[in-house]
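Presented below is the structure to which this report refers.
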Amino acid sequence: MSTTPEQQATEEPSEENSARQAKDKTIGQVLSHLEGSFPGLSASKIRFLEDRGLVFPQRTNTGYRKYSSEDIERLRYVLTLQRDQYLPLKVIKEKVDELERQGFPRDGEASAAGEPGVADAPPRPEKHRRYTIRELSRHTSVDLPMLRELINYGLIEEGPDGTFDEYAARVTALCSQLTAHGLQPRHLRPFRAAADREVALVGQTIAPMASRRDERSREKASETAREISALCTNLHATLVADQVDKSW
């Protein structure tokens, strides 16, 4: 049975569509494209973001995912917000929906896009950066005696190889600023105790997901932990700001 021109137009892709589809990337190609900016990115992570409604790849007739350039820019934007602003996926999705009709920022611009969300937390530092204690001293302009006090009071800690990560550098810098107001490391111990209690609370909440062995569950547990910790950080900051405003 012959088909009408209208049916052929519907059933057969145009040259323009065929050219576009030829440029679409498989999930493996997407990983290769983004791995320089996001080391450790996995196919499971991308599929997890798809499950959460943050990326919408097309499917071939055989069921394989194909990602357009727009899909990849959307994915890059989501991953950048996660990496640089430590935002939970719920907040990221709200930002993504707002930008859906405007186009997404290029690589490196997402971290500056928009105002901080309700559940913002400090951006995550680069995990691979390490410092010896002398390098940490030079990097933060904090002398060795104070660094040893911070270690003794549990505010920073050495890794198994005797070095410090970027979190330790950030904590050191913040503690140094507080000492300028007369606070000493011994006065800051309650912050470590409070952080430990919050981490224990997060651990209890995600324990059922974290105990599963499949990668998808681990991704969900990690994301949930970040979301809860961001909310805890925001709650703490709001409670303190409330009391300061009412007291002074």
Side-chain angles (χ1 to χ4, degrees), residues 13 16-60 62-129 165-167 169-170 209 214-231 233-234:
E16 182 180 350
N17 287 339
S18 297
R20 182 187 63 79
Q21 291 171 2
K23 294 180 181 179
D24 290 348
K25 298 182 183 296
T26 65
I27 196 167
Q29 291 170 327
V30 172
L31 288 172
S32 297
H33 185 74
L34 296 176
E35 64 182 355
S37 300
F38 307 98
L41 180 64
S42 66
S44 175
K45 171 71 172 183
I46 295 176
R47 290 193 292 267
F48 174 73
L49 293 176
E50 180 185 347
D51 289 345
R52 299 299 290 268
L54 285 157
V55 64
F56 309 98
Q58 298 296 314
R59 295 287 188 128
T60 66
T62 54
Y64 288 101
R65 293 171 174 85
K66 297 288 283 187
Y67 296 81
S68 67
S69 58
E70 290 80 9
D71 292 328
I72 295 171
E73 286 310 307
R74 183 187 181 101
L75 184 58
R76 184 190 297 279
Y77 180 75
V78 169
L79 293 169
T80 300
L81 286 180
Q82 266 199 310
R83 180 192 65 194
D84 295 350
Q85 293 194 24
Y86 202 18
L87 297 178
L89 290 184
K90 181 179 179 181
V91 175
I92 292 176
K93 190 174 189 309
E94 292 172 358
K95 291 178 176 288
V96 168
D97 290 343
E98 289 176 5
L99 289 172
E100 186 66 48
R101 291 176 296 181
Q102 303 174 21
F104 293 95
R106 295 182 179 181
D107 189 24
E109 296 178 355
S111 59
E115 295 298 322
V118 173
D120 285 3
R124 285 185 291 168
E126 299 178 27
K127 291 184 178 181
H128 65 272
R129 186 75 182 271
D165 61 15
E166 193 66 33
Y167 278 113
R170 186 174 296 169
M209 286 181 286
D214 61 287
E215 190 171 355
R216 190 71 61 86
S217 294
R218 290 196 298 270
E219 292 282 2
K220 186 175 181 181
S222 176
E223 173 55 34
T224 303
R226 292 173 188 167
E227 183 169 353
I228 295 172
S229 66
L231 290 167
T233 298
N234 192 266

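Along the sequence shown, the residues carry numbers beginning at 1.
- Separating the CG atom in Asp71 from the CD1 atom in Ile46 is a distance of 10.5 Å, to the nearest 0.5 Å.
- Atom CZ of residue Phe56 and atom CD of residue Glu50 lie 9.0 Å apart, to the nearest 0.5 angstrom.
- Salt bridge status for Lys93 with Asp97: present, with a side-chain N to carboxylate O gap under 4.0 Å.
- Closest approach of Lys25 to Val30, counting heavy atoms only: CB-CG2, 4.0 Å.
- A distance of 7.5 Å separates CG in Leu75 from OH in Tyr67, rounded to the nearest 0.5 Å.
- Atom OG1 of residue Thr224 and atom CD of residue Glu219 lie 11.0 Å apart, to the nearest 0.5 angstrom.
- Ser42 and Ser44 form no side-chain donor-acceptor contact under 3.5 Å, judged by distance and modelled atom types alone.
- Residues Val91 and Leu81 form no side-chain contact, since every pair of their non-hydrogen atoms from C-beta on lies 4.5 Å or further apart.
- Annotation: the span from Arg226 atom CZ to Thr233 atom OG1 amounts to 13.5 Å, rounded to 0.5 Å.
- Listed by chain and number, the residues in a salt bridge (charged side-chain N to carboxylate O under 4.0 Å, His left out) with Arg52 amount to none (sequence neighbours excluded).
- The shortest heavy-atom contact between Arg74 and Leu54 is NE-O, 2.5 Å.
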(request) Please assess Thr26 against Lys66 for the test side-chain contact (heavy atoms from CB on, under 4.5 Å), listing each intermediate value before the final yes or no. (result) CA-CA 5 Å; Thr26 65; Lys66 297 288 283 187; 4.0 Å; yes
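- Between Val96 and Tyr77, the closest side-chain pair of non-hydrogen atoms falls below 4.5 Å.
- Rounding to the nearest 0.5 Å gives a distance of 6.0 Å between CZ of Arg47 and CZ of Arg65.
- In terms of modelled atom types and a separation under 3.5 Å, the side chain of Ser37 and the main chain of Leu34 share no donor-acceptor contact.
- Applying the salt bridge (charged side-chain N to carboxylate O under 4.0 Å, His left out) test to Lys90 and every residue at least two apart in sequence or in another chain returns nothing.
- The two atoms that bring Phe38 and Arg76 nearest to each other are CZ-O, 3.8 Å, heavy atoms only.
- For the pair Glu223 and Lys220, the salt-bridge criterion is not met [side-chain N within less than 4.0 Å of a carboxylate O].
- Without hydrogens or angle criteria, Ser222 side chain to Arg218 main chain gives no donor-acceptor distance under 3.5 Å.
- Of all heavy-atom pairs spanning Lys45 and Leu41, the tightest one is CG-CD1, 3.6 Å.
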